[in-house]
Amino acid sequence: MLKGMSVAAVTLGCKVNQAETDSMLDMLHEAGAEIVEFEDKADIYIVNTCSVTNVADKKSRQMLHRAHKRNPDAIVIAAGCYVQSAREVLEKDDAVDIIISNNKKRDITKIVIDYINVNKTGKKDDKTVENFIDIAKETEYEEMGGHIPVGHTRAYVKIQDGCNQFCSYCIIPYVRGRIRSRSEEAVLREVSELADAGIKEIVLTGIHISSYGKDKNNEGALIELIESVSKIKGIKRIRLGSLEPGIITEDFVSRISTIKKVCPHFHLSLQSGCNSVLKRMNRKYTCEEYLEKCDMLRRAYKSPALTTDVIVGFPGETEEEFQETVRYLTELNLYEMHIFKYSPRQGTVAAAMKDQVSPEVKNKRSDVLLELAAHNKDEYELGFEGQDLEVLVEEVLHTDEGTYLRGHTERYMDIRIDVGNIEMPESFVNSLVYVRYTHNGSVMLV
């Protein structure tokens, strides 16, 4: 059907987008298309867009125009979240031939073939072809099937889509729709296929995985799914995507801590260390409750890697509120903190709030938290000095100084293993090895 044609894709934004891009490429490849790099000249370009910030919108437009410039005769496809939020803009964009909204990506093969059949003369229609739905009315999960990642190390398995939280700064519920859970059968089938292909580590991901199963009135669906996934032979590690603090209960922790395949690495979304700011953000917890969740995990695991996201300069954030956040984060002492400067997103409640914080203040506050984050990360990793750690090798690095293996531990510590001048074959990739950890370069144990 698409034999003799080449397809290139670029993914903007989250790991969910990446999983969906990989599935679209798999479907087009099965239809006969050759997959090439986005930098190459291709017959078809897919830009799987992001719309989480205004900057993401701008980058989405830039990538679409870059594809059109690379080959003006190519079919340029805009897919994903920016399509959902900027339909009218893309309809008028001469660089775009096809727009595909969320929950229509599974139809990409038919969409492309229909477009080609309509344009057999080789001349494109003046009008952009639309495959657009009202995402707010969607109730069914868009099953796109699984995919085997290139490199055969870590695989992202999408289990859920949509979000019902409506945080005041976030556009995602408007572009991804309400929560929709993938069936357990489909998840287990994909994980089994990945295990058969040699994948050792999977990451269960989604837009809001803490809500998995809640659209089907099953509050315990996520832990039940994790328990089922853990029984699949061949999978050595299970890692979880971002979690809401509310999912962390005594029952959840007592059950998950008995599953040895689950990595002691938990990303709990925070956003601010000040209760008044959290309230303006429409977050559903307090700082005290968040600390309690961290304490639950620290009691259940030895030195768990707890990570989070923090936004600085949210509208109305005073210097006193920021200093409260600094004190709280210092006490919390997490392994990693991803620091973001608040960026107004048109269409959200926060963008219309008064007392927007100046860029200069945001920059200063960001620098303070970045310094704290770097200190916490170093201190946490130094706590493992001299210990023997298991590493999943992800690449072999050949440098003028020698050969290194690079990979991650269960706690997602990025490890560089010095093997000296020993020739290490690429077959070492996807191997689990033990190292004697040192902060300046670990040594592999034979």
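Residues take their numbers from the sequence shown, with the count starting at 1. This is a predicted model, so every value here is computed, not measured.
At least one side-chain heavy atom of Asn363 sits less than 4.5 Å from a side-chain heavy atom of Lys341. Proximity of Leu329 to Met337: side-chain heavy atoms (C-beta onward) are separated by under 4.5 Å at one or more points. Looking only at side-chain heavy atoms (C-beta outward), Ser230 and Val262 stay at 4.5 Å or farther from each other. Between Ile159 and Thr205, the closest side-chain pair of non-hydrogen atoms is not below 4.5 Å. Counting heavy atoms from C-beta outward, Lys200 and Asn430 have side chains that approach closer than 4.5 Å. No side-chain heavy atom of Lys105 sits less than 4.5 Å from a side-chain heavy atom of Met27. The shortest side-chain heavy-atom distance between Leu240 and Ile256 falls under the 4.5 Å cut-off. No side-chain heavy atom of Cys274 sits under 4.5 Å from any side-chain heavy atom of Phe322.
Of the N and O atoms on the side chains of Ser269 and Gln271, at least one donor lies less than 3.5 Å from an acceptor on the other residue. A donor-acceptor contact closer than 3.5 angstrom links the side chains of Asn218 and Glu224. In the model, Asn282 has no side-chain atom that pairs as donor or acceptor with a side-chain atom of Ser168 under 3.5 Å. Side-chain contact annotation: Ser343 with Thr53, donor-acceptor N/O pair under 3.5 Å absent. Looking at Glu201 and Thr153, their side chains never bring a donor and an acceptor atom within 3.5 Å of each other. A donor-acceptor contact closer than 3.5 angstrom is absent between the side chains of Ser51 and Gln84. Asp93 and His68 share no side-chain donor-acceptor pair at under 3.5 Å. In the model, Thr21 has a side-chain atom that pairs as donor or acceptor with a side-chain atom of Asn48 under 3.5 Å. For the residue pair Thr49 / Ser60, no side-chain donor-acceptor distance below 3.5 Å is found, with atom types taken as modelled.
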- Determine, step by step, whether Glu91 and Arg87 satisfy the salt bridge (charged side-chain N to carboxylate O under 4.0 Å, His left out) criterion, reporting the C-alpha distance in whole Å, the side-chain angles of both residues, the deciding distance to 0.1 Å, and the verdict. CA-CA 6 Å; Glu91 285 175 337; Arg87 177 183 182 180; 3.4 Å; yes

- Message: Set out, in order, the CA-CA distance, both residues' side-chain angles and the distance that settles salt bridge (charged side-chain N to carboxylate O under 4.0 Å, His left out) for Arg182 and Glu143, then state yes or no.
- Response: CA-CA 7 Å; Arg182 190 180 186 186; Glu143 181 58 58; 2.9 Å; yes

- Query: Would Glu390 and Arg237 satisfy salt bridge (charged side-chain N to carboxylate O under 4.0 Å, His left out), going step by step from the backbone distance to the final call?
  - Reply: CA-CA 11 Å; Glu390 184 187 68; Arg237 292 180 177 179; 3.5 Å; yes

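Salt bridge Lys284/Glu244: absent, no basic N to carboxylate O contact under 4.0 Å. Comment: Glu360 does not engage Lys364 in a salt bridge, judged by the lack of any side-chain N to carboxylate O separation of less than 4.0 angstrom. Under 4.0 Å is where a charged nitrogen must lie from a carboxylate oxygen, and between Arg176 and Glu20 at least one such pair does. A salt bridge is defined here as a Lys NZ or Arg NE, NH1 or NH2 lying under 4.0 Å from an Asp or Glu carboxylate O, and Glu394 with Arg154 meets this definition. Residues Glu319 and Arg365 are paired through a salt bridge, judged by an N-O separation under 4.0 Å between the basic side chain and the carboxylate. Note on Arg239 versus Glu410: no salt bridge recorded, every NZ/NE/NH1/NH2 to OD/OE distance being 4.0 Å or above. For the pair Arg189 and Glu184, the salt-bridge criterion is not met [side-chain N within less than 4.0 Å of a carboxylate O]. Checked for salt-bridge contact, Arg406 and Asp414 meet the test: a charged N lies under 4.0 Å from a carboxylate O.
Taken from CG in Leu270 to SG in Cys287, the straight-line distance is 6.5 Å, to the nearest 0.5 Å. Atom CD1 in Ile35 sits 4.5 Å away from atom CG in Leu25 (nearest 0.5 Å). Considering CD of Glu324 and CD of Glu317, their distance stands at 10.0 Å, rounded to 0.5 Å.
For residues 35-60, every residue pair satisfying the salt bridge (charged side-chain N to carboxylate O under 4.0 Å, His left out) rule, not counting sequence neighbours, is listed here: Asp57-Arg345.
Under the rule for a side chain to side chain contact (heavy atoms under 4.5 Å, CB included), the partners of Lys110 that lie at least two apart in sequence or sit in another chain are Asp114. In this structure His29 satisfies the ring-ring contact (aromatic ring centres under 6.0 Å, His included) test with no other residue, sequence neighbours excluded.
Geometrically, Arg416 engages Tyr404 in a cation-pi contact defined by less than 6.0 Å to the ring centre and at most 45° from the axis.
Between Tyr169 and Tyr342, a ring centre-to-centre spacing not shorter than 6.0 Å is recorded. In this structure, the ring of Tyr335 has its center no less than 6.0 angstrom from the ring center of Tyr412.
Classification of the Tyr290-Tyr285 ring pair by plane angle, with boundaries at 30° and 60°, yields tilted.
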